[in-house]
Peer 1: 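I am attaching a structure below and will ask some questions about it afterwards.
Proteins get letters first, then strands, A, B, ... in listed order; numbering begins at 1 in each. Atoms considered below: every heavy atom in the structure, side chains included; atoms not considered: hydrogens, waters and symmetry mates. On a predicted model such as this, the values are computed, not experimentally measured, just so you know.
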There are 2 protein chains.
Amino acid sequence: MQGVRLTPTSYIVLGLLSWVAEATPYDLKRMVAGSVGNLWSVQHAQLYTEPERLAKAGYLTEDRERGGRRRRRYAITERGRAALREWISMPTDDFTELRDPGLLQLFFGADPAELASTQLHVHEEKLREYEEVRARGSSDAPAGPRLALEAGIGHEREWIRFWRRLAKG
Amino acid sequence: MQGVRLTPTSYIVLGLLSWVAEATPYDLKRMVAGSVGNLWSVQHAQLYTEPERLAKAGYLTEDRERGGRRRRRYAITERGRAALREWISMPTDDFTELRDPGLLQLFFGADPAELASTQLHVHEEKLREYEEVRARGSSDAPAGPRLALEAGIGHEREWIRFWRRLAKG
DNA sequence: ACCGTACCATCCAGACTGGACTATTGCAAG
DNA sequence: CTTGCAATAGTCCAGTCTGGATGGTACGGT
């Protein structure tokens with residue numbers, strides 16, 4: 001019931017469960033894809049182990065179907081909500097972690113123009129995807145995801161500026 | 001001698017060792033800090049285990065001091081250089097992985113203005129650091145690290161624009 | 001001779017990764 | 001209706017990585 005370390009992954013699970021009455025790991029997986037998954041990648045296997053861990057510590061309740069798929073349904077507890085609230089109210093000064101394989105190749109001497117043409121494609125595609133999500137979003141959607149999406153769009157544009165500059169020598 | 005998977009971390013070790021005749025894990029640690037460590041975080045413990053793994057697979061040679069600190073000195077082999085060259089010449093289309101704790105808090109409903117003031121500090125500091133590195137750099141430095149630094153500076157500026165916008169409502 | 005401060009190496013439990021593997025269910029064509 | 005495919009859903013595992021603790025070595029200064 002006590003003493004687990006809460007990681008960013010934990011807060012993703014708690015955060016998503018604070019928006020819905022209950023969810024199975026598979027539901028979480030779909031919620032993550034196309035939203036928070038863009039700013040913090042989560043392995044699907046974690047969405048099975050992490051809720052289990054959180055349930056053991058009292059942040060969630062677990063309820064398992066008998067027969068059939070034997071889905072586990074999780075719901076957030078008051079203790080879980082409190083932990084989430086507390087985390088949200090303490091602005092972090094932890095730093096952005098960036099992992100960009102293309103940039104790594106550039107660092108170690110890859111041909112800038114050639115690399116740029118590959119990377120440009122990838123980032124243009126991603127930008128298109130984000131802009132589509134934005135277009136679909138209703139105006140009464142929660143502010144958080146909308147703002148995070150704006151951040152993502154801004155960064156994709158920056159990537160595109162950067163690689164475009166390299167592409168033309 | 002065979003069959004290890006080469007990860008980005010592997011290429012960081014190979015890449016750094018391609019620039020110097022030999023290095024101990026501790027040397028690698030210092031080389032990473034303030035350069036490639038900014039675009040791909042590496043735990044120091046990995047700089048002990050990864051070269052060992054690479055040496056076993058024939059990409060590096062290992063030579064251990066007797067007595068004293070018993071430092072291990074690693075040097076890249078022709079096989080290692082070949083692997084590095086091959087990786088560099090194949091532009092990756094793997095995608096940027098971004099992990100930003102602040103953005104995650106924003107996503108889940110943190111107060112934008114409050115969060116922004118914390119994050120602004122952090123990113124302004126980082127930008128200052130990058131610009132200092134750039135100022136110190138000689139003009140005959142290799143192009144790769146210089147370009148990667150430019151990317152980092154561009155992104156820090158983007159973060160600052162983003163959080164600045166949120167800070168003033 | 002002693003101390004403080006870098007320098008340097010190793011270890012560990014727990015968490016995460018990437019993917020393989022299995023099973024269930026819905027649906028559509030034959 | 002039954003067969004087969006796609007989508008849905010859950011589990012497992014070996015290998016890696018994480019974050020930090022721990023403990024040793026070297027060296028200048030007093």
Peer 1: Taking for each residue the nucleotide of DNA chain C bearing the nearest heavy atom, is the 5' side occupied by B:R99 or by B:R64?
Peer 2: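 First, find each residue's nearest nucleotide; the 5'-ward one identifies B:R64.
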
Peer 1: For B:Q46 and D:dT16, is the shortest distance between a side-chain N/O and OP1 or OP2 below 4.0 Å?
Peer 2: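 The answer is no; no side-chain N or O of B:Q46 sits under 4.0 Å from OP1 or OP2.
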
Peer 1: Tell me: NZ of A:K56 to P of C:dA15, nearest whole Å?
Peer 2: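 Distance, rounded to whole Å: 10 Å.
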
Peer 1: Taking the ring centre of each residue, are B:H44 and B:Y26 less than 6.0 Å apart?
Peer 2: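 No, they do not, as the ring centres are separated by 6.0 Å or more.
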
Peer 1: Tell me the interatomic distance from B:Q43, atom CD, to C:dA9, atom C1', rounded to whole angstroms.
Peer 2: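 My rounded result for the distance is 15 Å.
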
Peer 1: Determine the contact category for A:E97: base if any of its heavy atoms lies under 4.0 Å from a base atom, sugar-phosphate if only primed atoms, P, OP1 or OP2 are that close, otherwise nothing.
Peer 2: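 Contact class for A:E97: none.
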
Peer 1: Measuring from atom CZ of A:F162 to atom NE2 of A:H155, what distance do you get when rounded to the nearest 0.5 angstrom?
Peer 2: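 The distance works out to 14.5 Å.
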
Peer 1: Decide if atom CD of B:E86 counts as having more than 12 heavy atoms of other residues, nucleotides or ligands within a radius under 6.0 Å.
Peer 2: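 Check fails, neighbour count at 12 or below.
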
Peer 1: Which atom names give the shortest non-hydrogen contact between B:A75 and B:E22, and what distance separates them?
Peer 2: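 Result for this residue pair: CB-CB, 4.3 Å.
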
Peer 1: Can you find a side chain N or O atom of B:T7 that sits less than 4.0 Å from OP1 or OP2 on D:dC17?
Peer 2: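 For B:T7, the contact criterion (side-chain N or O under 4.0 Å from OP1 or OP2 of D:dC17) is met.
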
Peer 1: For A:K29 and C:dG19, give me the distance from atom NZ to atom P, rounded to whole Å.
Peer 2: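 For the pair A:K29 NZ and C:dG19 P, the rounded distance is 14 Å.
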
Peer 1: Looking only at the side chain of A:T9 (C-beta and beyond, no hydrogens), which of the listed nucleotides C:dG19, C:dC16, D:dC17 gets closest?
Peer 2: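 Minimum distance to the A:T9 side chain belongs to C:dC16.
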
Peer 1: Taking the nucleotide of DNA chain C with the closest heavy atom to each, which residue, A:A45 or B:A45, is nearer the 5' end?
Peer 2: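 The residue mapped nearer the 5' terminus is B:A45.
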
Peer 1: Taking NE2 from B:H44 and C1' from C:dC7, how many angstroms apart are they, rounded to a whole number?
Peer 2: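 About 13 Å, once rounded to whole Å.
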
Peer 1: May I ask you to verify if any side-chain N or O of A:Y48 is less than 4.0 angstrom from the OP1 or OP2 atom of D:dT11?
Peer 2: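 No, because none of the side-chain N or O atoms of A:Y48 sits under 4.0 Å from OP1 or OP2 of D:dT11.
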
Peer 1: Nearest whole angstrom, please: distance from the C1' of D:dT11 to the CG of A:L28.
Peer 2: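 About 16 Å, once rounded to whole Å.
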
Peer 1: For the pair made of CD in B:E52 and P in D:dG15, what is the distance, rounded to whole Å?
Peer 2: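 Atom CD in B:E52 sits about 15 Å away from atom P in D:dG15.
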
Peer 1: Ignoring backbone atoms, test whether B:R53 places a side-chain nitrogen or oxygen under 4.0 Å from the OP1 or OP2 oxygen of D:dT16.
Peer 2: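 It does, given that an N or O in the side chain of B:R53 lies less than 4.0 Å from OP1 or OP2 of D:dT16.
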
Peer 1: C:dT10, D:dT11, C:dC7: which one has an atom nearest the side-chain heavy atoms of A:R72?
Peer 2: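 The closest nucleotide is D:dT11.
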
Peer 1: To the nearest angstrom, how far is B:W40 atom CH2 from D:dT18 atom P?
Peer 2: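 Taking CH2 of B:W40 and P of D:dT18, I get 10 Å after rounding.
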
Peer 1: Need to verify one output field. Residue with the more 5' nearest nucleotide on DNA chain D, A:Y26 or B:V42?
Peer 2: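 In this pair, the answer is A:Y26.
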
Peer 1: Can you identify which nucleotide, out of C:dA9, D:dC17, C:dC16, has its nearest atom closest to the A:E50 side chain?
Peer 2: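 Nucleotide nearest to A:E50's side chain: C:dC16.
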
Peer 1: Could you pull out the closest heavy-atom pair between B:Y11 and B:A83, with the gap in Å?
Peer 2: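 Heavy-atom minimum between the residues: CE2-O, 3.9 Å.
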
Peer 1: In whole Å, what is the span from the CG atom of B:L47 to the P atom of C:dA9?
Peer 2: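 It is 11 Å, rounded to the nearest whole Å.
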
Peer 1: Taking only side-chain N and O atoms of A:R30, does any of them lie within less than 4.0 angstrom of OP1 or OP2 on D:dA9?
Peer 2: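 Checking D:dA9 against A:R30, a side-chain N or O does come within under 4.0 Å of OP1 or OP2.
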
